[in-house]
S.K.: 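The structure that follows is given in the form of structure tokens.
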Amino acid sequence: MCIRDRYQRRVHGILAIMLAQYLFIVACFFSISYQTIGVWLPPPEKLDVDTAKCIIRQPPKFIIVRAYTSDGKMDPNANETILAAERAGFEDIDVSISPCLACDPAEQAIQILKAINNMAYGKILINIDVPGWKEDVAENQKFLETLIGEILKAEEKAGIISTKFQFEKVFGVSYSKFSTLPLVYVKVGSDPTFSDYVAFGGWKSPYAKYYMTGVRACKMKWEATYKSQTTILDLLQLH
């Protein structure tokens with residue numbers, strides 16, 4: 001092989017390495033930018049089809065819709081918001097509930113399941129960060145287990161929304177019964193990464209994270225959410 005051929009092969013090898021490195025950087029950039037946008041719609045507003053279409057033109061392709069409030073009532077806008085999101089093209093839709101701690105856990109689960117029975121949704125995410133839990137962690141554990149038990153018995157999927165502090169205060173530091181369910185952890189004022197996640201409840205890694213408030217998009221106010229591999233359009237009221 002002549003010197004010229006060896007030189008050309010060496011140059012080609014260097015260029016191939018440089019191209020691979022460039023493609024890796026580009027892929028990382030788009031992955032990060034695609035992961036970091038999410039929104040929250042505070043009540044009593046609701047998402048209509050036009051607004052949903054506006055949002056879906058942005059990166060979000062995943063939506064969480066608030067369906068039940070801590071005063072024991074269905075959110076009156078939930079079904080219409082789910083339908084609007086579906087008609088706008090969202091294929092991955094979850095609902096969230098803030099449990100009524102003064103209500104029977106089994107009865108409210110049945111009420112929720114009946115109200116959204118014909119809706120297109122994936123998981124029911126249970127928001128733990130609500131006031132009114134008992135001081136007895138065993139009683140709190142029983143409440144949660146009954147609530148989730150009814151959801152799972154109906155062959156629906158469930159998940160948890162909570163801060164580390166609230167979860168351990170309500171259920172105890174060692175409680176990990178639902179560690180196989182998706183976890184959305186809350187840390188407002190942080191960055192769109194999981195680098196600050198501290199394990200609790202048996203979860204080795206989270207499903208998603210709420211990290212910023214006051215974001216405006218499509219003429220509405222939202223809360224930013226981060227999810228690995230995907231962005232979230234979050235219509236969750238955290239109370």
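All of these numbers come straight from a predicted model, not from anything done at the bench. When reading the values below, keep in mind they use all heavy atoms of this one structure, side chains included, and skip hydrogens, waters and symmetry mates.
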S.K.: Between Trp133 and Phe171 (judged by ring centroids, cut-off 6.0 Å), do the two rings come close enough to count as a pair?
M.R.: yes

S.K.: Under a 4.5 Å cut-off applied to non-hydrogen side-chain atoms, are Glu168 and Tyr175 in contact?
M.R.: no

S.K.: Does the side chain of Leu125 reach to within under 4.5 Å of the side chain of Ile64, using non-hydrogen atoms?
M.R.: yes

S.K.: With side-chain hydrogen bond (donor to acceptor under 3.5 Å, both in side chains) as the test, would you mind laying out the steps for Asp129 and Tyr210 before giving the verdict?
M.R.: CA-CA 13 Å; Asp129 292 343; Tyr210 294 96; over 6 Å; no

S.K.: May I ask you to test the Ile148-Ile124 pair for a side-chain heavy-atom distance under 4.5 Å?
M.R.: no

S.K.: If we ignore hydrogens and angles and just use 3.5 Å, is the side chain of Thr163 paired with the main-chain N or O of Gln166 as donor and acceptor?
M.R.: yes

S.K.: For the pair Lys209 (side chain) and Thr193 (backbone), establish whether a donor and an acceptor sit closer than 3.5 Å, ignoring hydrogens and angles.
M.R.: yes

S.K.: If Ile, Leu, Val, Met, Phe, Trp and Tyr residues are connected whenever their side-chain heavy atoms lie under 4.5 Å apart, and connections chain through other members, are Ile161 and Val188 in the same group?
M.R.: yes

S.K.: Side-chain contact test, heavy atoms from C-beta onward, threshold under 4.5 Å: evaluate it for Ile97 versus Thr69 and give yes or no.
M.R.: no

S.K.: What pair of heavy atoms forms the shortest contact from Ala115 to Asn79, and how long is it?
M.R.: O-ND2, 3.1 Å

S.K.: Kindly indicate whether the side chain of Val95, heavy atoms from C-beta on, has any atom under 4.5 Å from the side chain of Arg66.
M.R.: no

S.K.: Hey, could you give me the CD1/OG1 distance between Ile93 and Thr81, rounded to the nearest 0.5 Å?
M.R.: 10.0 Å

S.K.: Are Phe143 and Pro99 packed together at the side-chain level, in the sense that at least one heavy-atom pair is separated by less than 4.5 angstrom?
M.R.: yes

S.K.: Rounded at 0.5 Å granularity, tell me how far CG in Asp136 sits from CG in Asn140.
M.R.: 7.0 Å

S.K.: If only side-chain N and O atoms count, and only distance matters, is there a donor-acceptor pair under 3.5 Å linking Asn127 with Ser98?
M.R.: yes

S.K.: To the nearest 0.5 Å, tell me how far Lys142 NZ sits from Lys134 NZ.
M.R.: 10.5 Å

S.K.: Could you measure the distance from the CD1 atom of Ile160 to the CG atom of Leu183? Nearest 0.5 Å is fine.
M.R.: 8.0 Å

S.K.: What is the distance from atom CG of Asp196 to atom NZ of Lys164, rounded to the nearest 0.5 Å?
M.R.: 12.5 Å

S.K.: Work out which heavy atom in Phe194 is nearest to a heavy atom in Tyr185; give both atom names and the distance.
M.R.: CA-OH, 3.6 Å

S.K.: Please evaluate residues Ser162 and Val186 with respect to the criterion side chain to side chain contact (heavy atoms under 4.5 Å, CB included), reporting the C-alpha separation (whole Å), side-chain torsions for both, the decisive distance (0.1 Å), and the verdict.
M.R.: CA-CA 6 Å; Ser162 185; Val186 181; over 6 Å; no

S.K.: Ignoring hydrogens, what is the shortest heavy-atom contact between Gly72 and Cys103? Give both atom names and the distance.
M.R.: CA-SG, 4.2 Å

S.K.: Restricting to non-hydrogen atoms, name the atom on Leu147 and the atom on Gln108 that form the minimum distance, rounded to 0.1 Å.
M.R.: CD1-CG, 4.0 Å

S.K.: Is the closest side-chain heavy-atom distance between Leu101 and Val130 below 4.5 Å?
M.R.: yes

S.K.: Same cluster or not: Tyr197 versus Phe167, using hydrophobic residues (I, L, V, M, F, W, Y) connected whenever any side-chain heavy atoms lie under 4.5 Å apart?
M.R.: yes

S.K.: Starting at CD of Gln111, measure out to CG of Asp104 and round the result to the nearest 0.5 Å.
M.R.: 11.0 Å

S.K.: For Ala84 and Asp48, work out which heavy atoms get closest and say how close.
M.R.: CB-C, 3.6 Å

S.K.: Between Tyr121 and Ile110, is there a shared hydrophobic cluster once you connect ILVMFWY residues whose side-chain heavy atoms come closer than 4.5 Å?
M.R.: no

S.K.: Contact between Cys100 and Tyr68 at the side-chain level, heavy atoms closer than 4.5 Å - yes or no?
M.R.: yes

S.K.: Between the main-chain N or O of Pro182 and the side-chain N or O of Trp203, is there a donor-acceptor pair closer than 3.5 Å?
M.R.: no

S.K.: Taking Lys153 first and then Glu150, would you say they form a salt bridge - that is, a charged N and a carboxylate O separated by under 4.0 Å?
M.R.: yes

S.K.: Do Tyr207 and Lys123 have side-chain atoms, one donor and one acceptor, less than 3.5 Å apart?
M.R.: yes

S.K.: Over all heavy atoms of both residues, which pair between Val65 and Ala78 is shortest? Give the atoms and the distance, please.
M.R.: CG1-O, 3.9 Å

